[in-house]
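Heads up: the structure comes next, in structure tokens.
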Amino acid sequence: MNKYRRPREGMVEHTGALSQLTNFILAALLAGIAFCAFVPLWHVLMASISEGERVLAQSGILWCPAGFANLNGYQLIFQDASIVRGYLNTIMYVVLATGLGVIINTLGAYTLSQPSRFRMILVFFVVFTSLFSGGLVPTYMVIRSLGMVGTPLSLIIPGCTNAFFLLMLMNGFRRVPESTVESARIDGAGHIRVMFRIMLPQARGMLLVTIINSVVMQWNSWFPASIYVTNQRHYWPLQLWIRQIVSENVNILQSANPNFNRWLIQYAVIIAATLPILLVFPFFQKQLEKGMLVGSVKE
């Protein structure tokens with residue numbers, strides 16, 4: 001009788017020492033990564049409720065509020081009209097860019113997923129743009145020639161989608177069984193009906209992945225605004241205002257009567273800008289992981 005029998009169903013197979021060591025190393029590595037990601041956010045949170053003068057004098061990581069805990073930095077957020085306007089601008093850019101991106105991604109991915117003579121050529125051009133870009137100067141020249149410099153359109157249209165989103169949704173459409181599509185076409189369904197009634201509902205997980213990534217990208221975006229709407233501050237998103245506040249606070253000690261609460265506002269704004277993403281992201285984490293895994297598998 002073979003003593004190395006394969007364990008039956010329902011039996012517990014004990015892991016070896018090497019496997020346990022590997023699991024321990026992976027757990028320690030993941031814990032270290034989580035700790036490194038948590039420490040900066042905790043430092044910013046503690047600094048935002050500390051005394052500005054004590055934060056300036058503090059060196060290293062703040063594990064607890066420096067001085068008497070207060071909310072002066074958060075009060076300045078609501079008193080500063082520019083920050084409130086930047087918050088509203090960011091919400092507007094996220095909604096419009098994501099909505100336009102959903103339309104472009106859906107139409108473009110459906111076109112790329114359909115069998116045609118020029119399909120491989122179109123896919124090649126999309127993949128090529130994901131590997132090589134024209135550069136900052138040619139992109140600026142194109143946007144300027146279209147008359148979008150100095151307008152919100154320069155922050156909405158150019159970054160509403162990318163090649164990666166198109167390829168992800170295309171793979172989602174290609175995973176729809178061909179028999180389902182053929183049955184719908186036999187019943188008289190056209191491209192619009194097949195796309196919205198047959199293929200898109202079955203690829204909604206991949207569509208959700210593109211939406212979440214687009215929202216995060218648009219929410220954290222500040223560089224395009226610093227180029228295209230440099231002098232139009234009323235169009236600045238929140239992230240660009242954070243950068244401006246940080247740069248202005250570098251010379252805060254050179255003033256005769258420095259407002260140390262002004263130093264706190266940069267930390268308070270960072271928390272206010274990060275909090276919506278931290279609250280919303282956990283609800284979509286499972287769908288995001290599932291969609292990313294499905295998108296990487298090709299039939």
Side-chain angles (χ1 to χ4, degrees), residues 40 44 47-48 52 55-56 72-104 129 132-165 213-277:
V44 173
S48 67
V55 173
L56 277 169
N72 294 335
Y74 294 95
Q75 292 176 358
L76 291 176
I77 293 178
F78 298 100
Q79 295 175 3
D80 194 337
S82 60
I83 296 178
V84 177
R85 188 185 302 115
Y87 216 110
L88 297 177
N89 288 341
T90 298
I91 295 175
M92 179 185 68
Y93 297 148
V94 168
V95 172
L96 295 180
T98 304
L100 180 61
V102 168
I103 297 175
I104 296 177
T129 58
F132 305 96
S133 62
L136 179 60
V137 175
T139 303
Y140 181 86
M141 294 175 63
V142 171
I143 294 178
R144 184 182 61 181
S145 64
L146 295 176
M148 294 191 299
V149 174
T151 66
L153 295 178
S154 61
L155 307 180
I156 297 174
I157 296 179
C160 64
T161 186
N162 54 48
F164 182 64
F165 291 166
N213 282 279
S214 179
V215 168
V216 174
M217 290 174 55
Q218 293 297 328
W219 187 269
N220 295 326
S221 177
W222 66 270
F223 186 70
S226 66
I227 298 175
Y228 302 125
V229 290
T230 306
N231 300 323
Q232 293 78 18
R233 293 199 170 194
H234 52 283
Y235 291 145
W236 281 14
L238 180 62
Q239 304 296 339
L240 188 55
W241 279 112
I242 295 176
R243 178 177 178 271
Q244 181 68 20
I245 292 172
V246 173
S247 62
E248 291 177 353
N249 284 344
V250 172
N251 301 322
I252 192 173
L253 294 178
Q254 297 180 3
S255 59
N257 296 315
N259 183 8
F260 293 106
N261 289 331
R262 185 71 182 178
W263 183 263
L264 298 177
I265 195 173
Q266 61 185 352
Y267 298 103
V269 173
I270 292 174
I271 294 297
T274 309
L275 189 60
I277 298 297

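Nothing fancy with the numbering, it's 1 onward along the sequence.
Two residues are said to be in side-chain contact when any heavy atoms from C-beta on lie closer than 4.5 Å; Gln244 and Leu240 fail this criterion. Counting heavy atoms from C-beta on, the side chains of Thr274 and Val44 never come closer than 4.5 Å. Residues Leu238 and Asn89 form no side-chain contact, since every pair of their non-hydrogen atoms from C-beta on lies 4.5 Å or further apart. In this structure, the side chains of Arg233 and Trp241 come closer than 4.5 Å at one or more pairs of heavy atoms. Taking the side chain as every heavy atom from C-beta outward, Ile104 and Phe165 never approach each other to under 4.5 Å.
A donor-acceptor pair is defined here as one N or O able to donate and one able to accept, closer than 3.5 Å; such a pair exists between the side chain of Gln218 and the backbone of Gly159.
Test Ser221, Pro224, Pro237, Cys160 against Tyr93 for side chain to side chain contact (heavy atoms under 4.5 Å, CB included) and you get one pass: Pro237. Remark: of the listed residues Ile143, Val137, Val142, Ile143 is the sole one forming a side chain to side chain contact (heavy atoms under 4.5 Å, CB included) with Thr139.
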Pair Leu153-Leu146, side-chain contact (heavy atoms from CB on, under 4.5 Å): steps then yes or no: CA-CA 10 Å; Leu153 295 178; Leu146 295 176; over 6 Å; no

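Distance check: Ile242 CD1 to Ile265 CD1 gives 10.0 Å after rounding to the nearest 0.5 Å. One distance of note links CD1 of Ile83 with CD1 of Ile245; it measures 3.5 Å at 0.5 Å rounding. Separating the OG1 atom in Thr98 from the CD1 atom in Ile156 is a distance of 10.5 Å, to the nearest 0.5 Å. If you take CG on Asn231 and CH2 on Trp236, they are separated by 8.5 Å, rounding to the nearest 0.5 Å. Atom OG in Ser82 sits 13.5 Å away from atom NE2 in His234 (nearest 0.5 Å).
Across Ala273 and Gln239, no two heavy atoms sit closer than the pair CB-NE2, 3.7 Å. Scanning all heavy atoms of the two residues, the minimum distance from Tyr228 to Ser154 falls at CB-OG, 3.3 Å. Shown here for Gly73 and Leu264, the closest heavy-atom pair between the two residues is CA-CB, 4.0 Å. Nearest heavy atoms, Val229 versus Thr151: CG1-O, 3.8 Å.
Aromatic pair Tyr87/Trp219: centroids less than 6.0 angstrom apart.
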